[in-house]
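Scroll down for the structure; my scribbles are underneath it.
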Amino acid sequence: MRAQTYLKSILFIVATITLMANATAEDELSSKVEPRFTQAANRTFKAFNPEQEQTWQRPFFFMQLADTQYGMFSGNKGFDQEVALVEQAVKHINRLRPRFVIVCGDLTNATPNHARYQAQVSQFQQDFSNVDPEIPLVCVCGNHDIGNRPTRESIASYQQNFGDDYFSFWVGGVCNVVLNSSVLKDPSGAPEVLAAQQTWLDAQLQNAKAAKAKHILLFQHHPLFLSQEDEPDEYFNIPLVRRTPLLEQLKQADVRAMFAGHYHRNAYGRAGAMEMITTGPVGRPLGKDPSGFRIVIVDETKIQHQYWAMDNVPEKIELPESSVAP
Ligand SMILES: [Zn+2]
């Protein structure tokens, strides 16, 4: 009898410890996705107050990063080089203190169905958690983040880790629109996502115009084109069949510039007044441009931008005098 009670107590203790261990594992799982990485929700970005931010305040600058692509240097065997480069980038971010940072896709090298995907996502989030919490970090999905032929499932997997795949947000009078360009590149796996994004984009561009945005800026992973708006289709641009009508719409809406990555080197072109700015990688370069990022200065009537190599970043960013009386 006594032995039975003793056994029951032991079983009770074991059960309690197991429950506690499970609770800890669940807590860890829920805290793994930090709120800062899922700020893109309900097609907007929570860190920015839409009421306040629709009004022009003063010149500001932001930093555009692309292709951190954890795992690319080593073919998914590790990510030491990407970690070191991101550590440098984060130091620059915390020193320069931009209004926000945007990472234009291919956050990881592995796609969601790959065995190394979660490890790369965790490392990305761990490293970028070192960005000062006061500096919003906006993530954009690339073809490695949702696959070359994205599906509803691959997009859902991305959303769990990084929030919405397309959304818009205002910053100091500027309307910023983020698109899922992988469905523009190949919509065959999720045609309904491209259709929904297009309907949504129509409304965003109309709203931006009605709200008298100082600038409309677009961000996506794939460049619409590298240097000529009518250049032939290739791996790094969006097929003409979808590029031409979209460009027409963006010109009509007076979009000031589109920022992209994917090319792992810099490229530049114009479509009417719209600049198509392709930015080199934080991670592995594929051309002569070294790892780095772009700094974009936004003034009331114009924007200026420059790519900086990671080991040649200015100490401080000089902003133009505000042209608006205080
Ligand atoms: Zn890419």
Side-chain angles (χ1 to χ4, degrees), residues 40 63-76 79 81-82 85-86 89 101-114 116-117 120-121 123-124 128 137-151 154-155 157-159 161-166 177-190 193-194 197 218-227 231-240 242-243 246 258-269 276-294 307:
M63 288 164 66
Q64 185 222 355
L65 282 56
D67 299 284
T68 47
Q69 214 157 328
Y70 279 68
M72 185 179 175
F73 274 109
S74 68
N76 290 332
F79 30 61
Q81 282 172 278
E82 287 88 357
L85 286 160
V86 168
V101 177
I102 187 161
V103 190
C104 276
D106 286 357
L107 313 176
T108 64
N109 191 51
T111 47
N113 55 2
H114 192 283
R116 300 298 299 157
Y117 176 68
Q120 293 175 5
V121 166
Q123 191 64 46
F124 176 98
F128 277 95
L137 179 80
V138 183
C139 293
V140 179
C141 66
N143 56 307
H144 282 259
D145 304 304
I146 57 173
N148 280 325
R149 185 177 177 274
T151 59
S154 68
I155 295 169
S157 159
Y158 174 83
Q159 286 168 329
N161 292 308
F162 296 105
D164 282 351
D165 54 332
Y166 60 92
V177 179
V178 172
L179 292 182
N180 174 344
S181 62
S182 300
V183 289
L184 273 167
K185 180 72 178 172
D186 181 0
S188 65
V193 175
L194 178 61
Q197 174 173 264
L218 257 67
F219 300 87
Q220 62 179 32
H221 178 62
H222 297 77
L224 281 181
F225 59 90
L226 294 171
S227 57
E231 70 196 18
D233 294 354
E234 59 137 299
Y235 176 75
F236 289 108
N237 63 22
I238 295 294
L240 278 161
R242 285 178 291 282
R243 188 198 316 164
L246 180 56
M258 176 183 270
F259 295 87
H262 185 55
Y263 194 40
H264 290 252
R265 68 210 103 163
N266 292 298
Y268 182 83
M276 179 66 245
I277 300 152
T278 302
T279 293
V282 169
R284 186 178 172 184
L286 289 178
K288 63 174 174 38
D289 299 314
S291 296
F293 51 76
R294 191 173 297 275
Y307 185 78

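Note that ligands are numbered from 1 as they come in the structure, with each ligand's atoms numbered from 1 the same way. Computed from a prediction, not measured in an experiment: that's the story for all the values here.
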- Message: Is there a side-chain contact between F79 and N109 in this structure, where contact means two heavy atoms from C-beta onward sitting under 4.5 Å apart?
- Response: no
- Item | Partners meeting side-chain contact (heavy atoms from CB on, under 4.5 Å) with P239 (sequence neighbours left out) | K185, D233, V241, R242
- Message: Side chains of Q120 and H114: any donor to acceptor distance under 3.5 Å?
- Response: no
- With sequence neighbours left out, the residues meeting side-chain contact (heavy atoms from CB on, under 4.5 Å) with H262 are D106, N143, H221, H222, P223, Y235, F236
- Looking just at side-chain N and O atoms, do N180 and Q197 make a donor-acceptor pair shorter than 3.5 Å? no
- Task: Report the residues that fulfil side-chain contact (heavy atoms from CB on, under 4.5 Å) with T279, sequence neighbours left out, ordered by chain and then residue number.
- Result: Q64, N266, I277, R294, Y307
- Item | Atoms of protein origin (N, O or S) under 2.8 Å from the Zn ion (ligand 1) | D106 OD2, N143 OD1, H221 NE2, H262 ND1
